[in-house]
Asker: 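Just passing along the structure, written as structure tokens.
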Amino acid sequence: MIRYILKRAVSILLTFVTVSVIVFLMMHAVPGGPFDGNDMPVSKEVRDKLMASLGLDKPLYVQYFKYMWGVFHFDFGVPFQSPGETVLQLLARAWPPSLILGGLGVVIGATIGILLGIAAALRRNSWIDYIASTLATLGLTIPVFVISMMLILMFAVFLGWLPAKGWDKPNSWYLPIAAYAMIPMATYARYTRSAMLDVLNKPFVTVLRAKGLSERRIIFQHVLRNAALPMVAVFLPMFIGTATGSIFVEAMFRVPGLGAYFVSSITLRDYPLEMALILMITMMFCLAYLLTDIVYALLNPRIRFGGKS
Amino acid sequence: MTQATPRQHGPLYFAWRRFAANKAAVVSGLVLMILVLMAIFAPLLTKTNYDEQKFLTDAYAMPSSTYWFGVDDLGRDFFSRIVYGSRISLTIGFSSALFSVLIGIPLGAAAGYYGGAVDWAVMRLIELFSVVPSLLAAMLLGALTGGGFFTIVLVAALFGWVQVCLLVRAQVKAVREKEFIRAAQALGASPGYIIWRHLIPNSVSPIIVGFVLAIPLAMMLEASLSFLGIGVPPPLPSWGQMINVGMNFMYFYWHLAVFPTAALAITVLAITLFGDGLRDALDPTLKGR
Amino acid sequence: MMQTALELRNLSKTYHIRAGGGLFPAVNTLHAVRGVSLILPRNKILGLVGESGSGKSTTGLMALRLLEPTGGQILVGGADITGLDHKALKPFRRKMQVVFQDSYSALDPMMTLAQIVAEPLHIHGLGSAREQTDQALDWLVRVGLDRSYGSRYPHELSGGQRQRVAIARALILRPDVLVADEPTSALDVSVKAQIINLLQDLQAEMGLSILFISHDLSVVRSLTDSVAVMLAGRIVEQAPTEAIFADPQHIYTRSLLDAIPALNPKDRQRRSFISPAQIEAGTPRYSAAALGIPPSDVPGLVQVSPDHLVEAVVTP
């Protein structure tokens with residue numbers, strides 16, 4: 001078990017380092033720097049000086065190690081787009097909106113999704129089953145920004161109930177939270193349903209019924225516990241989908257969160273911010289990956305005791 | 001001694017029967033067919049090309065009998081742009097899916113057949129691609145290279161092959177244990193021959209399914225990038241980019257937001273449901289993957 | 001002078017199995033086959049019998065070089081093929097073919113029967129595509145099917161028919177040696193007899209040498225010329241078929257023969273139970289003490305009569 005977790009951790013750390021190297025090289029290998037554009041006309045000497053002061057004139061691998069050394073001390077540099085603060089300060093400012101909206105969206109979406117999935121599995125081919133599978137298909141296939149657009153058109157433009165954008169007023173939170181909730185809801189509605197059906201069809205459930213156990217106890221004590229395993233496994237794709245979707249949700253609803261800064265860092269070629277955001281996101285995904293593996297192993301006696309992955 | 005048994009129905013017949021019983025998939029297939037025909041015969045259906053600013057005086061006109069979907073902010077017939085938009089979306093979807101399959105089949109087959117170190121290397125590669133979200137990487141690549149049609153196709157294929165590869169790998173692993181593979185080895189067949197003549201033909205179902213399911217992924221990627229302004233460059237009519245433009249006018253000229261949103265949603269949904277139906281029909285054991 | 005079609009010399013196969021978790025898992029060694037030596041004379045049928053897990057199929061696969069042996073040698077027609085690479089092995093592949101137990105998984109479901117039977121010719125580049133198909137259709141007739149079956153797919157056939165196709169594919173290259181790995185165990189009794197007859201006929205016509213792997217002693221009795229009995233990866237007794245059935249020497253052979261159901265109700269009797277421990281102990285008559293040799297010098301097999309070999313045991 002410990003050996004398994006160690007193995008996974010090493011493998012994921014390797015992935016993280018690989019990603020950081022690739023992203024770093026990619027960003028520096030492509031022609032064009034922050035001072036090349038016409039909107040910032042500077043003379044060659046000034047530009048060289050600027051490049052030197054930012055360390056952009058050194059060989060790439062030196063820049064990489066210098067950068068990673070800084071990262072271990074939480075020094076991500078200064079964002080080009082707002083030189084008055086450090087990247088860390090900017091991120092600290094951008095975290096709360098994403099965390100609040102995204103967190104609420106995931107919690108609400110996953111809860112509704114799981115409940116829908118259970119209901120759909122227990123009442124197969126009823127109206128609730130159809131609603132659950134329709135919602136799941138919509139949420140998993142249609143891009144987040146299209147869903148956001150639909151929500152805006154419906155509730156802001158045509159019905160006029162809610163504001164389409166903003167972050168200050170609490171009633172402007174409803175639509176982005178709903179948009180955030182779509183992917184977790186769809187994922188969990190679909191996988192809870194299929195995991196439940198899988199378990200419900202196992203012979204041991206028939207045995208429990210034959211033993212005269214009440215249906216409620218069968219579902220809550222036995223079926224759900226066994227269905228939890230595949231539900232843990234889909235956490236990672238759900239998390240990645242939601243986090244990626246945040247870029248679009250925040251762009252659509254004009255929320256000043258991480259996603260919005262990700263877009264501006266890319267369009268403005270803001271290396272320090274871009275690199276910091278990508279490293280953070282990759283780190284987050286790697287941790288989620290590892291966490292999924294550990295929880296999966298803890299829940300699965302075959303891995304827990306077998307020792308073989 | 002052995003009587004000739006009456007010919008039975010082939011596996012394709014049963015696959016078709018299963019597919020035909022799935023109403024959502026059949027309807028999606030029809031919608032998909034209409035979309036493809038629309039893309040092919042776009043010039044016959046529309047009165048102007050997608051970039052002709054013929055109706056500047058009628059800019060922002062609402063849908064009417066003259067302009068079915070209205071006119072956009074630059075005086076272009078919006079129906080023409082939506083119809084031509086299907087060309088962009090479908091071309092990118094199909095060509096990316098094709099490249100995904102071309103990358104995914106050999107890697108999946110090699111990983112499944114050889115196992116061991118080859119399998120380990122391919123699985124680490126897949127892990128790398130599953131930790132890096134395709135959309136973020138695509139945004140980065142798109143921004144660095146300035147976007148464009150071929151960049152998007154390549155980026156979509158770069159991330160689309162993973163699913164094809166996993167499907168083919170699983171199938172090859174299962175088929176590899178069959179005794180006809182041992183029989184071919186006993187005949188002196190080379191690994192290349194066995195993969196090409198036995199393992200890949202026996203993996204057509206997952207390959208077709210992987211191909212069809214890679215299409216909507218690429219379409220979503222294109223629309224998302226174009227929405228952010230780093231995808232297909234204007235004036236090429238991309239639905240994602242039209243949604244972005246439409247957002248600015250949605251309170252006054254709703255048609256500029258509604259039609260591209262609907263077109264994108266319907267297309268992606270139709271292909272996904274068609275692909276799901278195909279998967280369930282071709283290989284019921286893959287259901288729910 | 002009897003010619004040898006296939007000879008196995010001291011063949012063995014060892015697996016290393018990692019057991020349990022932890023940072024340093026224990027590695028268990030499993031001897032699937034230990035030091036098997038066999039001679040299959042030309043134009044004869046040799047039965048290799050034993051219970052499942054005795055290593056008889058592993059031996060067959062190693063003889064075909066489908067599984068790499070850990071030790072020992074494989075000789076085909078007197079030539080050592082043990083270390084040959086893929087290319088050097090190819091001419092020998094023509095001389096040695098195989099029929100498996102599961103006829104369903106032995107035929108590629110995506111190919112027509114004509115393609116399946118013609119595949120060996122295709123792989124070895126013999127004749128034009130048309131000639132290959134023609135020869136394949138002839139072989140379908142030869143194994144008792146019809147030329148019209150050429151365009152059919154395996155799933156349209158019954159188990160017995162599929163096994164006929166597998167036999168046609170194995171014999172179209174006119175090999176010297178056929179390894180038949182339980183070819184009849186998955187078939188109904190009536191079909192089983194037909195396949196046995198077919199194999200017998202073809203063996204006589206083509207002068208085949210067959211290594212017949214089976215756990216079905218009644219089939220072995222009716223088909224083979226001699227028999228080797230395997231137990232836990234080694235051969236414990238080897239003799240002409242009549243001698244094995246008339247005068248079994250090893251205690252394990254006797255327990256196997258004892259398990260054959262009697263057809264005549266009058267012959268029915270309580271079967272004597274022979275425990276695994278008894279079997280592992282071997283036949284006391286051939287212990288080192290009884291043979292009068294020191295335990296360190298005990299040979300693998302000792303001769304009982306000119307053709308009859310039995311394993312000697314070390315323990316007294």
Side-chain angles (χ1 to χ4, degrees), chain B residues 1-18 105 109 112-116 120 168 171-209 282-285, chain C residues 60-61 63-67 86-87 89-111 115-116 119-124 140 143-146 148-149 151-158 160-161 164 166 169-170 172-173 175 179 181 191 194 197-198:
Chain B
M1 179 166 64
T2 44
Q3 288 171 325
T5 43
R7 293 214 66 157
Q8 296 159 0
H9 295 296
L12 272 179
Y13 171 84
F14 290 106
W16 168 247
R17 283 270 301 268
R18 280 193 294 267
I105 292 175
Y113 182 73
Y114 291 106
W120 185 87
V168 171
Q171 178 80 359
V172 165
K173 264 191 141 156
V175 175
R176 200 189 110 84
E177 300 302 317
K178 297 272 166 80
E179 283 176 343
F180 65 83
I181 300 297
R182 281 223 160 123
Q185 285 167 343
L187 286 167
S190 64
Y193 174 95
I194 289 174
I195 290 177
W196 181 246
R197 285 281 300 226
H198 292 291
L199 294 176
I200 291 185
N202 275 287
S203 308
V204 264
S205 299
I207 288 172
I208 292 174
V209 169
L282 281 173
D283 193 347
T285 57
Chain C
L61 290 175
L64 289 157
R65 281 287 312 270
L66 289 177
L67 198 67
H86 177 79
K87 214 174 145 207
L89 198 59
K90 207 168 169 180
F92 291 100
R93 294 278 193 210
R94 276 185 70 173
K95 297 189 179 174
M96 203 160 50
Q97 276 307 308
V98 59
V99 175
F100 291 109
Q101 170 180 4
D102 181 1
S103 66
Y104 192 73
S105 105
L107 308 179
D108 188 334
M110 302 298 282
M111 288 180 151
Q115 283 173 319
I116 290 171
E119 190 180 22
L121 302 173
H122 180 77
I123 288 175
H124 287 274
L140 283 180
V143 294
L145 295 171
D146 192 273
S148 70
Y149 274 70
S151 60
R152 294 194 176 205
Y153 286 90
H155 73 267
E156 299 177 54
L157 270 55
S158 68
Q161 289 173 323
R164 289 170 190 273
R169 171 180 59 190
I172 196 168
L173 286 173
V179 176
D181 189 356
V191 183
Q194 296 171 9
N197 286 343
L198 178 67

Asker: Between C:Leu107 and chain B, which part of the residue has a heavy atom less than 4.5 Å away: side chain, backbone, both or neither?
Answerer: backbone
Asker: Where does C:Ile116 contact chain B at under 4.5 Å (heavy atoms): side chain, backbone, both or neither?
Answerer: neither
Asker: Mind checking the CD1-CD1 spacing from B:Ile194 to C:Ile123? Nearest 0.5 Å is all I need.
Answerer: 7.5 Å
Asker: Do C:Asp108 and B:Arg197 have side-chain heavy atoms sitting under 4.5 Å apart?
Answerer: no
Asker: Report the option among B:Gln185, B:His198, B:Lys178 that has the most heavy-atom pairs separated by less than 4.5 Å from atoms of chain C.
Answerer: B:His198
Asker: So what's closer than 4.5 Å to chain C heavy atoms on B:Val204: side chain, backbone, both or neither?
Answerer: side chain
Asker: Check B:Phe180 against C:Ala106 and note the closest heavy-atom contact, atom names and distance.
Answerer: CB-O, 3.0 Å
Asker: To the nearest 0.5 Å, what is the distance between CG (B:Leu187) and NZ (C:Lys90)?
Answerer: 10.0 Å
Asker: Heavy-atom distance under 4.5 Å to chain B: side chain of C:Met111, backbone, both or neither?
Answerer: side chain
Asker: Can you check side chain to side chain contact (heavy atoms under 4.5 Å, CB included) on C:His122 and B:Tyr193, steps first, answer last?
Answerer: CA-CA 11 Å; C:His122 180 77; B:Tyr193 174 95; 3.6 Å; yes
Asker: Verify side chain to side chain contact (heavy atoms under 4.5 Å, CB included) between B:Arg182 and C:Leu64, making sure each step is shown before the conclusion.
Answerer: CA-CA 10 Å; B:Arg182 281 223 160 123; C:Leu64 289 157; over 6 Å; no
Asker: Minimum heavy-atom separation for C:Val98 to B:Ala186, with atom names?
Answerer: CG1-CB, 3.7 Å
Asker: If you take all heavy atoms of C:Met110 and B:Pro201, which pair is closest and at what distance?
Answerer: CE-O, 3.2 Å
